[in-house]
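Heavy-atom basis, side chains included; hydrogens, waters and symmetry copies ignored. Counting convention: from 1, in listed order, for ligands and their atoms alike.
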Amino acid sequence: MLKKILLTGSNGLLGQKIIDLLRYHTEYELIASSKGENRYPKEGGYIYENLDITNPLEVERIIAKYEPYAVINTAAMTNVDQCETDKENCDLLNIKAVEYLIKACTKHKVYLIHLSTDFIFDGESGPYKEEDEAKPLSYYGQSKYEAEQLLLNSGIEYSILRTIIVYGVAAKMSRSNIVLWAKSALEKGDTVKVVNDQFRMPTLAEDLAQACILAIDKRAKGIYHVSGKDYMSVIEMVKRIAKFYNLDESLIVETDSTTLNQAAKRPPRTGFVIDKAIKELGYAPHSFEEGLAIVAKQLSN
Ligand SMILES: NC(=O)c1ccc[n+]([C@@H]2O[C@H](COP(=O)([O-])OP(=O)(O)OC[C@H]3O[C@@H](n4cnc5c(N)ncnc54)[C@H](OP(=O)(O)O)[C@@H]3O)[C@@H](O)[C@H]2O)c1
């Protein structure tokens, strides 16, 4: 019998990549869910449920209906500046909803995979290991950290996959990402202002989706750092995007974080040590340029 997997936030970038991997799977049956209509472009090989995870009765109803083997929670308020200005809704989606999922997973004895972020760290001493001390600078980071604490103290079987700058392309996306944004702006001939004082390890959405499945396969427990393997400044990232897609690098204007008027503070140097995921999960991320090639191919189809 196939093991049922309930996916939340399936309209999102990571969500759609997980559907790609779990449709017509030989071991798993996928119940994809998101708030509102299904935006995944293909039918067949999975079930879709409209599920707003901020509604505790609905969370309980869907988990009781399917009694899944695992839940993958990708739904979140992911816009960092919006979290700073709309703390109430950030709390609701990034913390309260996780509480509702934990409650239902406790009742039905379900294994929960939850996604978290490098923004739980202050960025003073990256790349970070799983056990390094969290010190969020932003409300988004704080909300994701509080959700981690709920899981830690829950008593359920869970795994937290922390990730960094996820990039890729999916259908009818509600938000862009650095690769699509830089590519499109440079193609239009726009100048782009990019910071030189933030360092990250960008993550191909397909790699992160694969890590979620690997975690389920192994029923992995605890925290895993799951990002790309290349560490670079954001300006280098954009220059590498320009070089890869043959775009005009002279349009890239170097700046630093103090000149951007962003509501939320960003950690300067994050990045992860990903050895644990490689060793324990068999995680094998692409290089940044391999990831750009995969995105290019998808955009041309
Ligand atoms: N993207 C990154 O750079 C990044 C970095 C670090 C960590 N993460 C974490 O990785 C996870 C996945 O990120 P992502 O990039 O795939 O995010 P995303 O593209 O923003 O996807 C999140 C999805 O959740 C849906 N959603 C919103 N409210 C909901 C609700 N109340 N109930 C159910 N679904 C709801 C959204 O629907 P709509 O599209 O209709 O709004 C969206 O499709 C998140 O937990 C995020 O915190 C992401």
Side-chain angles (χ1 to χ4, degrees), residues 6-20 31-40 48-56 58-59 62 71-83 86 88-98 100-101 112-121 123 128 136 138-148 151 159-181 198 200-209 211-212 223-228 234 237 264 266-267 270-272 291:
L6 173 66
L7 169 67
T8 72
S10 66
N11 281 331
L13 177 56
L14 174 61
Q16 293 198 33
K17 300 301 175 186
I18 293 175
I19 304 183
D20 286 342
I31 299 100
S33 75
S34 216
K35 194 172 132 182
E37 298 266 290
N38 183 12
R39 301 207 299 270
Y40 185 78
Y48 183 80
E49 288 274 4
N50 178 342
L51 174 61
D52 175 345
I53 62 164
T54 64
N55 181 332
E58 280 297 286
V59 168
I62 297 290
V71 172
I72 312 175
N73 180 35
T74 76
M77 190 189 270
T78 51
N79 182 318
V80 180
D81 293 316
Q82 196 187 344
C83 287
D86 186 0
E88 204 175 311
N89 280 311
C90 174
D91 280 352
L92 194 60
L93 188 49
N94 290 358
I95 307 172
K96 270 278 161 200
V98 178
Y100 304 149
L101 287 167
L112 178 59
I113 296 208
H114 180 70
L115 274 295
S116 191
T117 171
D118 56 333
F119 277 32
I120 67 153
F121 296 113
Y128 289 97
S138 61
Y139 203 79
Y140 168 73
Q142 179 65 30
S143 70
K144 298 294 282 186
Y145 181 59
E146 283 180 33
E148 288 195 6
L151 283 157
S159 185
I160 293 167
L161 304 190
R162 293 185 185 139
T163 192
I164 308 176
I165 304 196
V166 184
Y167 67 92
V169 61
K172 299 180 183 165
M173 297 167 79
S174 56
R175 63 191 287 256
S176 191
N177 54 69
I178 187 141
V179 171
L180 299 184
W181 165 78
Q198 291 176 20
R200 304 284 186 261
M201 288 166 78
T203 310
L204 178 68
E206 277 79 358
D207 285 343
L208 182 58
C212 293
I223 301 175
Y224 289 89
H225 281 179
V226 178
S227 66
V234 178
M237 212 179 291
R266 268 75 171 166
T270 67
F272 286 156

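Selection from T203, V226, L93 by nearest heavy atom to atom 28 (N) of ligand 1 gives L93. Of all the listed residues (F119, Y140, Y167), Y140 holds the heavy atom that lies closest to atom 47 (O) of ligand 1. Within the set L115, N50, D118, I18, the minimum heavy-atom distance to atom 10 (O) of ligand 1 is found for L115. For atom 40 (O) of ligand 1, the choice among K35, R39, E37 with the nearest heavy atom turns out to be R39.
Of all atoms in ligand 1, listed by their number and element, those nearer than 4.0 Å to a heavy atom of L51 are 32 (N), 33 (C). Counting the atoms of ligand 1 from 1 in the order shown, those under 4.0 Å from a heavy atom of A75 are 24 (O), 33 (C), 34 (N), 35 (C). Near I53, with a cut-off below 4.0 Å to any heavy atom, the atoms of ligand 1 are 30 (C), 31 (N), 32 (N), 33 (C).
Judged by the shortest distance from any of its heavy atoms, M173 lies outside the 4.0 Å radius around the atoms of ligand 1.
Within the 4.0 Å heavy-atom criterion, the part of S116 lying near ligand 1 is the backbone and not the side chain. Looking at R175 against ligand 1, only its side chain comes within 4.0 Å, counting heavy atoms.
Between V166 and ligand 1, a contact under 3.5 Å exists for at least one N or O pair.
Residues L7 and G15 come closest through the heavy atom pair CD2-O, 3.5 Å. Considering every non-hydrogen atom in both D52 and V59, the closest pair reads O-CG2, 4.4 Å. Closest non-hydrogen pair, A205 versus L13, comes out as CB-CG, 3.8 Å. Residues Y139 and D91 come closest through the heavy atom pair OH-OD1, 2.8 Å. When all heavy atoms of M201 and G271 are compared, the pair lying nearest together is SD-CA, 3.5 Å.
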